[in-house]
Amino acid sequence: MNARLDSIPLGMAVRISRIDWDRLSQDEGRRLREFGMMEGVEVTPLHRGSLFSRDPLALSVGRMKVIIRAAQAAAIEVEPAVAA
C-alpha cells in the first residue's frame with residue numbers, strides 16, 4: 001500500500017517511500033531535506049491546523065516535530081512502517 005502523507009490517519013507511523021521533488025519548489029525541497037525528510041525515514045502525523053482544514057500538518061520526524069503544508073504532504077508517498 002502506497003498512500004500520500006496528507007491522507008494518513010493521525011498517530012499512524014509510516015515510512016516515506018517516495019517524494020515527488022518536481023511538485024515542490026526548490027525552497028520547499030531544501031526545507032524538507034533540512035528536516036530530514038527523505039525516502040526511508042519514518043514519520044508520524046500528529047495533528048492538523050484546524051477543524052475544517054487539513055493545513056498545516058504537524059509531524060513527528062525522529063525526535064523532532066515539524067510542520068508542513070498539505071500541498072507538500074501530498075507530494076510524499078508513504079507505506080506502513082515496519083516494526084523492528
Item to complete: Take R18 and I16 through the test side-chain contact (heavy atoms from CB on, under 4.5 Å) and record every step on the way to the result.
Response: CA-CA 6 Å; R18 181 178 172 277; I16 297 174; over 6 Å; no
Discussion item. Would Q26 and W21 count as a side-chain contact (heavy atoms from CB on, under 4.5 Å) here? Give the steps.
Written reply: CA-CA 8 Å; Q26 283 186 319; W21 298 109; over 6 Å; no
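The shortest distance between side-chain heavy atoms of L10 and R48 falls below 4.5 Å.
For the residue pair I8 and A3, the shortest heavy atom distance occurs at CD1-CB, 4.0 Å.
In this structure, OG in S17 is found 5.0 Å from CD in E79, a value given to the nearest 0.5 Å. Note: N2 CG to I76 CD1 = 13.0 Å, rounded to the nearest 0.5 Å.
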Table please: side-chain donor-acceptor pairs of residues 37-45 below 3.5 Å, with sequence neighbours left out.
residue : atom : partner : partner atom : Å
E39     : OE2  : I19     : N            : 3.2

Show me the donor-acceptor pairs within less than 3.5 Å that the side chains of residues 65-72 make with the rest of the protein, sequence neighbours left out.
residue : atom : partner : partner atom : Å
Q72     : OE1  : R69     : N            : 2.9
Q72     : NE2  : E28     : OE2          : 3.4

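Here R30 pairs with E34 under the side chain to side chain donor-acceptor pair (under 3.5 Å) rule; sequence neighbours left out.
Hydrophobic clustering (ILVMFWY, side-chain heavy atoms < 4.5 Å, transitive): L46 and V78 are in distinct clusters.
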